[in-house]
Amino acid sequence: MARYEIFVTYKQGIFDPPGATAERALANLGYDEIESVKIGKYIRVEVADGPNERARVAEMCDKLLANPVIEEYRIVDAEGAVSAR
Amino acid sequence: MARYEIFVTYKQGIFDPPGATAERALANLGYDEIESVKIGKYIRVEVADGPNERARVAEMCDKLLANPVIEEYRIVDAEGAVSAR
Amino acid sequence: MRFGVVRFPGSNCEQDIVIACRYLGIDVDYVWHGDTDITGFDAIVLPGGFSYGDYIRTGAVARFSPVMGEVVRFAERGGPVLGVCNGFQILTEAHMLPGAMLRNRGLKFICETVPLRLERTVCQWVDLPEGTVVRIPINHNEGNFTADAETLARLDANGQVVLSYCEPDGTRAPGGSAPNGSANDIAGICNERGNVFGLMPHPERVVDPEASGTDGQPFLTTIVARLAGV
Amino acid sequence: MRDDLTAELAPQLAVELGLKPAEYDKIVVILGRTPTVTELYMYSLMWSEHCSYKHSKKALRMFPTTGPYVLQGPGENAGVISVGDGWAVAFKMESHNHPSAIEPYQGAATGVGGIIRDIFTMGARPIANLNSLRFGTLDKARQRYLFEGSVAGIGGYGNCIGVPTVGGEVYFDAAYEGNCLINAMAIGLMREENLTSAVASGAGNLVLLIGSTTGRDGIGGASTLASQEFDEKAEDKRPSVQVGDPFEEKLLIEACLELLEAKLLVGLGDLGAAGLTSSASEMASRGEVGLDIDVSMIPAREEGMKPFEFMVSESQERMLAVVTPELLASAQAICTKWGLRSTVIGTVTDTRRFVVREGDEIVADMPADTLASDAPVYDPAMTRPAYLDEAQAFDPSTLPHPETPAGLGSALLRVLASPNVCSRAWIYRQYDQQVLLNTLERPGGDAAVIRIAGTKRAIAVSTDCNGRYCYLDPYVGAQIAFAEAARNVACAGGRPAAITDCLNFGSPEKPEVFWAFHESVRGMSDACRAFEVPVISGNVSFYNESFGSPIYPTPTVGLVGVLQDASKRMTMHFKNAGDVVVLLGETADELGGSEYLSTVHGVIAGAPPALDLEEERAIHEALLAAIEAGLVRSAHDCSEGGVAVALAECAIAGALGATVALDDDLAPASSLFSETQGRIVVTCAEADAEALTDLFVSRGVAFSVIGEVGGDRLVIEEKIDTSIEELEAAWKPTLERLVRGELQSEELHEG
Ligand SMILES: Nc1ncnc2c1ncn2[C@@H]1O[C@H](COP(=O)(O)OP(=O)(O)O)[C@@H](O)[C@H]1O
Ligand SMILES: [Mg+2]
């Protein structure tokens, strides 16, 4: 069994409503040092070992876990090897 | 300016309906290798340099960015140093 | 003339569309998301609701339903497809319409009757004069339409923007009139051909004057008249 | 039989689980031996206050519960009344106070989920939600978090499952600061013949678990929480928080209704507090049968779960069905079609014993009845609290009241801006109010109106309780809770049919609290009898205390009324210039416990308004007769803030002013802000004024013709002259500004 971590974030230039709201809320709470907050998704998948494992995880991201119109993602495996889109 | 990455996930034993739905959806799409999916938040904050920077970021997590009742978080700074709760 | 209303797991406005159609005398029936045959239907409606709980992204899972392949082919042949609210979200996820939905500015669900302005459009589902103001309820958490600048310009140039959020007098406020933060105040768009139409407001909620109003009627009846060649 | 507890260890565990020594002894007698771990857990939950009503059972017998159209009274998952033409309405209200105080979003969301399951378990399709909320003042960040989170949770769940949230109420008062109240009410519609019972019967039939997997979440959750006093240490109980899955619930609604429609089930129950233990033992009790459950068959969410964990888990979105072996395949096919898990976890037996096993090993074996029916019943001590005499003796006339139009006008604006009076749009804008297309009147008026599709009829619904009145006099306060709900429903044109209630109190083991509880139940019962309206369901929530002191007694009423002709429904807003304004009822000098006293003077004392149930009912009947005769253009009752606020609300809602003169001899502040019960602002067309007043005269109800609708100002002669714009500016933004932290309630109290 293998484990992958996936980080989904909005593409450059796409407005991030939860991030923007958190930014404002933190400033209101007195955290004047805040310059920016971006909120994305952190996904952990466990898959049975198999051929093309990593490519298939990327496919899952393309199809379902991320929306390529607005989001990009980065996949990190247990050894720390990274792929991104 | 310093940058922190924050990973927010449900605590052990807390049910994760989005993760469970993604699991089923991926299986339906033919990804039989899927064993589990967990969906959390991936947050990037940029803060102005200052004393207690990291402790203050942890505080932001406790107060706003994570829900300590059901979630736990991990903070990683630009150098890769980790703290968690 | 027969409408097919797709039921996805978690849809919750499908019976509302059916009730509204019947009220307007439109023949209508449900289509199960697992079906792969939609012959016999002249228009397809993807209803509002929370397909698959909206958990991963709104519409993200529903677009892989077996029926969606047929819906895409139906649209490609020029068949009229309407997506209301969650249906609109599914249409963007399926790339049958451009853009994507973000969470509402302010991060709150909004249920409210709002003024909307008809734009100059190629959309086959409407024929109201440009500038007409209608009042229709919105009811969503993720209706904050976004697209890159180029897409937005193209939508505008092609007459693909069908409906905009506006002020009660039909003007658009300088800071934006969209309660959800939508780009260019966009509330509804269509594809280039005008047969696929997605909108966040719920026209089926304002069809029966006894209950709520009639401003939603044309959004269901126009296509019927058009297909009948009236 | 696995005996995993020694005779020494068992009583210790019993204490830890909250059982009293005498209760433990009773278990030993029932079993004739030392209980197992699983048995102790099962008894401790079933005999907890939350599940057994051991402190409240006797008092609740005061409620009238029968009536010609009652199809199901208290005792099942929800009460059911017939509304004509073969249609029936099921409804119930329930608290989720303690889970919401820990995690407001999920606490409130799962509260909605639970009450919705109670409704479709009866065979009814859920058609409307309401809620009744209490928080501390919103000045503190924690209170804002609780308020924002629970409203979002109620919306998040109800919106997703496609059930409109059509009304509710909310009050803010320091009394609720350490213990918010989240009461959720749900209403369902069904054909009478589809009425279902949560019953197990037929030895050899199969027990089918439908829906979500079972995890450790919520172990010792709601029931333990709801039965223990709440203090600062509560945060330690965090891991028992349950996360709701409204998508799964939506599938359960569709699948269960389809299963019932196809007559594939013998019985259906939902898993709520105390999980499988509660639903299985209650179903067995009702059917006078035994059950044999194998926990190793239950789909687990986590590894290594113990038998007792399976039996008491409060994982959400699960249902228990009993099916015959012949119909099992068809039943499971429907579950599969809706994407739901369904698993046979046991069988019905004729032994009347509840046997739990893990594979071949028996881990619990007890008489099934004893879990649900043999819980101890207590007669708690009662004492009238000492504070009452002093509080009631307070004389509001000793305060310096404004007398000039300027002073009175500013007092009116302050009362309108009070968090307890101001616009609730910030809340209900987050709720889908219309899905299913039956909402004829949305939130914002006195009662919501929901049509019964396919008939001319509709129901009107309202939830009400002024906790301040109940604090000052629980007997009268509870009567007023009922009267106000009935009045709200009457203002919409509905005749009260039945109520549900949610009785929120502190610890019943405190004699003062129990006295207030007993008085409230007595008051509510008397009001119900006077109106001939039965109580068909309800819920008791005790131990609502924080930092040692109880909340205000809060016996909330959820009332459902019927309109024979939905097109005759009434609304509150002023309709046309020139319409005549009539005040039904007569104002007395009753500022005790009023919103004016609290907002303008910072005083919560005095005797609450008196209530004459006969007069109150006569006024409702007169109003309903006038509405049915088509003589009324608008109707709105006077509640918090008195007639001045009622008139202002009619004007704001209609964007139309009025000029009136109040014909009483009271001091101006009393005239405007007194909260005398049984008063309704009614308008009619000028041409109908005579007919309307004749009708009121013939019915012998007090009224006065006070003025005329028109203009863009509210003018109350010699007292108030304010533009609608100014009234609205005070009334509209309060909640949003408080939530954003832009406003402190202190500022609202200053003139
Ligand atoms: N928590 C809530 N959820 C939904 N609607 C609410 C809530 N609180 C108040 N409302 C709605 O706001 C309106 C005013 O409420 P309230 O002041 O309690 O009315 P009344 O004084 O007539 O009982 C009503 O229509 C009510 O249903
Ligand atoms: Mg009222």
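These figures come from a predicted structure and were not determined experimentally. Throughout, protein chains are lettered first and strands after them, A, B, ... in sequence-line order, and every chain is numbered starting at 1.
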With rounding to the nearest 0.5 angstrom, report the [atom1] to [atom2] distance, [X] to [Y].
X	Y	atom1	atom2	value
D:R429	C:F109	CZ	CZ	11.0 Å
C:C13	D:Q434	SG	CD	10.0 Å
D:Q433	C:C111	CD	SG	4.0 Å
D:N159	C:F50	CG	CZ	5.0 Å

Contact part of [X] toward chain C, heavy-atom cut-off under 4.5 Å: side chain, backbone, both or neither?
X	value
D:N438	neither
D:L251	side chain
D:R740	neither

Task: C:I19, part contacting chain D, at a heavy-atom distance under 4.5 Å - done: side chain
Task: Residue C:N139 versus chain D: region with a heavy atom under 4.5 Å - done: side chain
Task: Ring centres under 6.0 angstrom apart (C:Y52, D:F247) - done: yes
Please confirm whether the backbone N or O of [Y] pairs with a side-chain atom of [X], one donor and one acceptor, at under 3.5 Å?
X	Y	result
C:N141	D:Q430	no
C:D16	D:L436	yes
C:N12	D:C160	yes

Task: Best-contacting candidate, D:V435, D:L440, D:T439, against chain C by heavy atom pairs under 4.5 angstrom - done: D:V435
Task: Option that, when pairs with chain C are counted at under 4.5 Å, heavy atom only, ranks first among D:E441, D:E254, D:E248, D:K337 - done: D:K337
Task: Note: D:E148-C:K108 ion pair, threshold 4.0 Å (strictly below) - done: yes
